[in-house]
Amino acid sequence: MQTILTDFYTLESYEQAENGNFTAYITLNKDHDIFKGHFPGNPVTPGVCMMQIVKELTEEFTSSKLFLQSASNVKFMAIINPFETPDLKLQLDINATENEVKVKNTTSFGETIALKMSVQYKKLTS
């Protein structure tokens with residue numbers, strides 16, 4: 001899997017439902033340099049990194065290179081501290097057409113929902 005977030009997270013496993021939706025399980029790397037600056041002594045996973053993880057997983061699951069067109073209903077509902085809650089579950093409801101991919105995402109740890117968003121990507125041609 002190609003990622004711009006080198007060593008930021010590990011895709012531990014995933015499941016594909018009969019309807020084509022995916023549930024991915026990842027583990028954040030608490031020792032990544034991003035957490036040294038965001039924020040020193042109180043590490044918080046940047047929202048933009050969570051959005052990038054959703055994009056990268058969607059690219060992996062659809063075998064497509066994607067470009068973010070729009071994001072709506074982006075709600076960061078809980079802080080993700082990589083030392084306290086490194087294991088995340090991402091539900092990706094993917095609807096792909098010939099030229100675009102729409103995703104509804106819910107990211108959680110335990111029973112806590114940390115992120116909800118809807119995004120639309122344009123498929124890029126090689």
Student: Using modelled atom types and a 3.5 Å cut-off, is there a donor and acceptor pairing between side-chain atoms of Asn21 and backbone atoms of Ile94?
Tutor: yes
Student: Sort and list the pairs that fulfil ring-ring contact (aromatic ring centres under 6.0 Å, His included) and have at least one residue in residues 40-70, not counting sequence neighbours.
Tutor: Tyr14-Phe61, Phe22-Phe61
Student: Can Thr3 and Glu56 be counted as having a side-chain donor-acceptor contact under 3.5 angstrom?
Tutor: yes
Student: Look only at the side chain of Ser64 and the backbone of Leu66, and say whether a donor-acceptor pair between them is shorter than 3.5 Å.
Tutor: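 Not at all, since once roles are kept as given, no pair shorter than 3.5 Å links the two residues.
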Student: Mind checking what makes ring-ring contact (aromatic ring centres under 6.0 Å, His included) contact with Phe109, not counting sequence neighbours?
Tutor: none
Student: Ignoring hydrogens, what is the shortest heavy-atom contact between Pro46 and Phe35? Give both atom names and the distance.
Tutor: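 The pair with the smallest heavy-atom distance is CD-CE2, 4.3 Å.
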Student: Give a yes or no on whether the backbone of Gln91 and the side-chain of Asn105 come within a donor-acceptor separation of less than 3.5 Å.
Tutor: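 Yes, Asn105 side chain to Gln91 backbone: donor-acceptor pair under 3.5 Å.
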Student: Among pairs that include at least one residue of residues 39-50, which meet salt bridge (charged side-chain N to carboxylate O under 4.0 Å, His left out), considering only residues two or more places apart or in two chains?
Tutor: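 Non-adjacent pairs meeting salt bridge (charged side-chain N to carboxylate O under 4.0 Å, His left out): zero.
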Student: Look at the side chain of Gln120 and the backbone N and O of Ser70, then say whether any donor-acceptor pair between them is shorter than 3.5 Å.
Tutor: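 The answer is no, because no donor-acceptor pair under 3.5 Å joins these two groups.
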Student: When rounded to the nearest 0.5 angstrom, what is the spacing between CG in Leu88 and CD1 in Ile80?
Tutor: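 Between atom CG of Leu88 and atom CD1 of Ile80 there are 5.0 Å.
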Student: Determine whether Tyr25 and Glu15 satisfy the following criterion, side-chain contact (heavy atoms from CB on, under 4.5 Å), listing intermediate values before the conclusion.
Tutor: CA-CA 9 Å; Tyr25 299 90; Glu15 303 162 357; 3.9 Å; yes
Student: Which heavy atom of Met77 sits nearest a heavy atom of Ile113, and at what distance?
Tutor: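 Heavy atoms only, the tightest pair is CB-O, 3.5 Å.
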Student: Is Ile53 reachable from Val44 through a run of hydrophobic residues whose side-chain heavy atoms are each under 4.5 Å from the next?
Tutor: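 Shared cluster, no.
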Student: Would you name the heavy atoms of His32 and Thr6 that are closest together and state the gap between them?
Tutor: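 For His32 versus Thr6, the nearest heavy atoms are NE2-O, 2.9 Å.
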Student: Through direct or indirect side-chain contacts below 4.5 angstrom among Ile, Leu, Val, Met, Phe, Trp and Tyr, which residues connect to Val48?
Tutor: none
Student: Has Lys123 got a side-chain atom pairing as donor or acceptor with Thr97's backbone, closer than 3.5 angstrom?
Tutor: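 Between the backbone of Thr97 and the side chain of Lys123 there is a qualifying donor-acceptor contact (under 3.5 Å).
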Student: With side-chain hydrogen bond (donor to acceptor under 3.5 Å, both in side chains) as the rule and sequence neighbours excluded, what pairs involving residues 33-48 come up?
Tutor: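 Matches after skipping sequence neighbours: Asp33-Lys36.
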Student: Counting neighbours of CG on Asp87 that are heavy atoms of other residues, nucleotides or ligands and sit closer than 6.0 Å, is the number greater than 12?
Tutor: yes
Student: Restricting to salt bridge (charged side-chain N to carboxylate O under 4.0 Å, His left out), what partner residues turn up for Lys116, sequence neighbours left out?
Tutor: none
Student: Where the side chain of Asn29 meets the backbone of Asp7, is there a donor-acceptor pair that is under 3.5 Å apart?
Tutor: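 Yes; judged by distance alone, with no hydrogens or angles, the pair exists.
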